[in-house]
Amino acid sequence: MAASTKNRLSLAMERTGKWVFSQEIPTDVVVEVGEANFSLHKFMLVAKSGYIRKLIMESKEADLSRIELPDIPGGPETFEKAAKFCYGASFEITVKNVAALLCAAEYLEMSEKYCEGNLISRAEDFLVGVALTSLSGAVAVLKSCEELQRMAEELNIVTRCIDTASIKACNESNFPTRSPPDWWIEELLPLNVETFQRIVAGMKGRGARPQSFATALMAYSERSLKELIRDHTGNGTTSLTSSNIDTEKNQKKLLENIVAILSAEKVAFPVNFLCCLLRASIFLNCSMTTKNELERRISAILEHVGVDDLLVLSFTYDGERLFDLESVRRIILEFIEKEKAVGFFNGEFKVCSSAMQRVAKTIDTYLGEIATDADLSISKFTSIANLIPKAAKKFDDDLYRSVDIYLKAHPNLDEIEREKVCSVMDPLKLSYEARVHASQNKRLPVQIVLHALYYDQLKIRSGKEDAKNFDASFTRNQVQADISLIKENESLKSELAKMKSYVDGLQKGKGIATKSSKKTFFSSMSKKLGRLNPFRHGSKDTLNVEDGNAVDITKPRKRRFSIS
């Protein structure tokens with residue numbers, strides 16, 4: 001980069017030498033601009049530059065031979081053109097250099113006061129008569145002003161270009177004159193975000209269609225953040241390396257400015273675009289204001305959000321790891337709170353609108369997609385699943401599928417942990433096919449399996465498909481009783497293991513116990529086994545049955561408690 005700059009400076013000085021020495025008069029002053037030195041004639045400069053004239057006249061040196069211009073706008077290349085103008089040499093004014101020439105001319109005070117048709121008026125005529133007559137010309141001047149910064153603003157160059165660009169872009173958005181109709185958007189994409197925002201604001205003030213802003217903003221975002229956003233699919237760079245820290249900071253600032261523009265627009269943006277922006281804001285660690293604005297917009301249209309959209313938001317760019325799922329949880333929670341508020345206002349206390357039902361199905365399916373991630377904790381899984389109100393779903397089949405996927409992807413969970421995972425669903429709200437699957441699913445805790453079995457048994461006995469209240473209460477009581485029995489069976493197995501260990505000890509030469517001691521031990525075991533007899537008071541199936549027919553409670557009924 002430094003070598004390229006030096007080469008340009010050398011060429012500039014070489015070119016300058018050709019038209020300076022053609023005067024056949026020795027040069028008497030060196031003008032230093034940055035790293036470039038220009039050997040020139042004082043009388044040629046003072047004739048058109050009031051600034052250089054003052055420097056020479058006010059100098060304490062008798063014969064000033066060196067002038068430094070470190071702050072001249074546009075640097076050595078622009079000064080070269082200004083010097084050429086002083087010498088009457090030809091050069092070209094273009095949309096790319098007119099702003100710099102105008103700023104340099106103002107800096108050098110090259111006004112009509114010192115020479116008629118001076119550089120200020122020449123550059124101004126080109127700006128008004130050529131550059132500002134088209135959208136592309138105005139944008140080119142604005143782009144060149146980014147390097148001039150403060151002075152271009154002070155001379156009102158930027159404001160005039162923005163006004164021109166917004167007027168012409170507004171006219172094209174409402175009444176296209178070229179094909180494709182959105183060609184004007186491509187013209188605005190090279191600008192920085194602050195300038196782009198000012199043009200959009202100018203278009204709004206002139207009555208441009210709101211959808212035009214949305215289209216332009218999406219195109220600008222994709223162009224400016226192409227490594228993070230691409231075709232609304234979320235396909236982009238896998239990561240930013242440590243060598244690109246400056247790039248990351250610039251992207252963060254750019255994204256926050258884009259969202260600031262977006263927040264002022266009431267028009268709806270595509271949800272996949274919003275999800276891509278939110279994922280990028282999480283990746284770049286943007287401010288909570290930026291994240292909250294995007295979350296609010298996604299929540300407002302959550303019923304139209306698909307599983308793929310949420311997955312774009314949830315996974316890292318390489319698709320291997322999950323982001324922090326707090327954003328997803330906040331989006332769902334805000335949607336639910338809004339639905340509850342609407343339901344309360346309408347006098348409906350059950351949250352079961354069609355929008356809520358669609359969201360519930362989407363979230364249940366989404367949980368199945370993220371359940372395979374090894375780092376997804378039980379608390380994160382259940383915290384999202386429990387957000388959906390129970391009244392929003394008729395069946396829990398989708399949620400059961402997600403729970404089963406989670407249990408399969410996390411095979412090392414103990415019984416208590418598996419019960420916690422399964423607590424997010426209601427086994428009595430499974431369809432017949434799901435209950436059949438659950439009754440044979442060895443990954444499920446025994447409580448869930450018994451729920452599925454008893455529910456079908458009760459339906460067969462009652463012959464009613466819709467006896468929900470009675471069936472549910474009876475089933476839960478029966479399951480709790482049988483779980484208690486299973487625990488007692490486990491205790492019995494433990495006692496039998498102790499007895500076997502005792503007998504093995506006797507057979508290995510530890511001595512033969514007396515008949516009385518054997519009798520005492522076995523009588524003790526018999527009493528324990530007797531207490532564990534599940535049928536000593538009759539069949540457990542007779543509990544809580546309120547039927548007019550007499551039931552023989554003394555005759556035990558056969559029951560299979562093991563499930564293969």
Please confirm whether the backbone N or O of [Y] pairs with a side-chain atom of [X], one donor and one acceptor, at under 3.5 Å?
X	Y	result
Asn118	Lys48	yes
Tyr406	Ile378	yes
Ser49	Leu45	no
Ser383	Lys380	yes
Ser299	Glu295	no
Glu172	Trp183	no
Ser166	Asp163	yes

Q.
Can you tell me how the ring of Phe91 sits relative to the ring of Phe85, calling it parallel under 30°, perpendicular over 60° and tilted otherwise?
A.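 Aromatic pair Phe91/Phe85 classed perpendicular.
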Quiz item: Is the closest side-chain heavy-atom distance between Glu80 and Lys84 below 4.5 Å?
Solution: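 Counting from C-beta outward, Glu80 and Lys84 do come under 4.5 Å.
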*Within 45° of the six-membered ring axis of Phe315 and under 6.0 Å from that ring's centre, is NZ or CZ of Arg279 located there?*
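Checked: cation-pi criterion not met.
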Exercise. Who are the side-chain hydrogen bond (donor to acceptor under 3.5 Å, both in side chains) partners of Glu112, not counting sequence neighbours?
Worked result: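 For Glu112, the residues satisfying side-chain hydrogen bond (donor to acceptor under 3.5 Å, both in side chains) (neighbours in sequence not counted) are Ser121.
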Test side-chain hydrogen bond (donor to acceptor under 3.5 Å, both in side chains) applied to Glu154 - qualifying residues, sequence neighbours left out:
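side-chain hydrogen bond (donor to acceptor under 3.5 Å, both in side chains) check on Glu154 returns Arg150.
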